[in-house]
Amino acid sequence: MAVEITADMIIHDVVTKYPQTVKVFQGHGLPCTACQVGARESVAGGARTHRLSLEPLLADLNRVANGQEAEGIRPATKAPVGRGIQLNVLGGGAAAATGPKIRHIIAVMSGKGGVGKSLVTGLLAASLQRQGLSVGILDGDITGPSIAKEFGVRKSPSKGPNGIDPAHTQGGIKVISMNMFLPNSTDPVTWRGPMVSSAIKQFYSDVDWGKLDFLLVDLPPGTSDAPMTVMQSLPLDGVVIVSSPQMLATEIVMKCIKMVQTMKGKVIGVVENMAYLTMPDGSRNEIFGPSNGADLVVMTGAPLLAQLPIDPEIAMLCDAGKLEEYHSEAYDTLAENFVKALKIAGQRA
Ligand SMILES: Nc1ncnc2c1ncn2[C@@H]1O[C@H](COP(=O)(O)OP(=O)(O)OP(=O)(O)O)[C@@H](O)[C@H]1O
Ligand SMILES: [Mg+2]
């Protein structure tokens, strides 16, 4: 009996059952098969999102599923592998459709990798949540996501009436992270920049965030696709920059600050992470060198929100997915200063 693929079938189901149709989707300019979010769309929905004609796509899908050659596929060299999923963030997604329910959107960034952006994002979120605020985290590190792991969240995405349901941490923080979309958390995401950008936009516009006081966006290191997308496409209030004492020497943090300024963003504040280690006798050992907090303040014109110590317990809780169990005065101070700085930054506008 001849196979029949219809418009209401889910892309993921189609390509699972008929793997040969992947090239049809891609050839027609629909990269959803590579995207765990988009693949949950129907064939008609995917075609609509990418402004494609449904009929030729369906015709080719059916031809190929039935062992024939496709007709409407463009040459492989033009396959839009890197074009990503086009989304009109302001116009069409769940968040936009139901009005602005997120009070503040803040990105956490740093020019350099491994300075503690994800940790600061996670602990800042936890501190704000403990103060009775509602908080979400959008893990903008698509290729190296760590937020779901920090909170021990491993929920496969499901679609509710208003969009993709985010996961909830034990403390009630809403989380969306690429890891939640991967069959195995060790699977790599081998996407080029535009695909990464599209996923970030979808995480914002297609997720049912509900009402939030804060949406924190954890960014990957550097100043390219992901930070640019976040700064250009999301209605950001501003950026928190994370630094560590030794990195100033490399001028990397300055690149990051200049990028924010060039893109007309606002630095809400700066966090100096790994500033010191508390020794058994209570003294502070500045193992990465003396604090550069004052320089950071001069460079950004924004306040130093906190100097955070190195604490081995953090790494342990992160690995165990129990970051919310970490309590420290330094992080509560960070959250308090952050809220104050946000108000001041608003007045600077
Ligand atoms: N203050 C700290 N005390 C102890 N461990 C820390 C501290 N800050 C960060 N770490 C640990 O250092 C590692 C890197 O931190 P994290 O993943 O937050 O950095 P990142 O800047 O987000 O990295 P990437 O650039 O790869 O996204 C993690 O294992 C984290 O648990
Ligand atoms: Mg990170």
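All ligand and atom numbering here is 1-based and tracks the order in the structure.
- Of the N or O atoms in Leu119, one or more lie within a sub-3.5 Å distance of an N or O in ligand 1.
- Residue Val120 does not touch ligand 1, judged by heavy-atom distances below 4.0 Å.
- For the pairing with Ile106, the side-chain contact (heavy atoms from CB on, under 4.5 Å) check across Leu215, Val239, Leu342 returns one residue only, Leu342.
- Interface of Pro309 with ligand 1, defined as ligand atoms under 4.0 Å from a residue heavy atom, comprises 1 (N), 2 (C), 3 (N).
- Scanning the protein heavy atoms around atom 3 (N) of ligand 1, the nearest turns out to be Asp311 N, 2.9 Å.
- Of all protein heavy atoms, the one closest to atom 25 (O) of ligand 1 is Lys117 NZ, 2.8 Å.
- Checked against a 3.5 angstrom limit, the closest N/O atoms of Asp218 and ligand 1 fall outside it.
- At under 3.5 Å, not a single nitrogen or oxygen of Pro312, backbone or side chain, sits near a nitrogen or oxygen of ligand 1.
- By the 3.5 Å distance cut-off applied to N or O atoms, Gly116 is counted among the residues near ligand 1.
- Any N or O atom pair closer than 3.5 Å counts here, and Asn273 shares at least one such pair with ligand 1.
- With no hydrogens or angles considered, no side-chain donor-acceptor pair links Thr186 and Asn184 at under 3.5 Å.
- When distances to the Mg ion (ligand 2) are checked against a cut-off of 2.8 Å, Ser118 contributes an N, O or S atom below that limit.
- Residue Gly114 places a heavy atom less than 4.0 Å from ligand 1.
- Ranking the protein heavy atoms by distance from atom 29 (O) of ligand 1 puts Ala315 CB, 5.0 Å first.
- Using the six-membered ring where Trp is involved, Phe338 and Phe214 have ring planes that are tilted, between 30° and 60° apart.
- Atom-to-atom distance recorded for Asp218:CG and Thr121:OG1 is 4.0 Å, nearest 0.5 angstrom.
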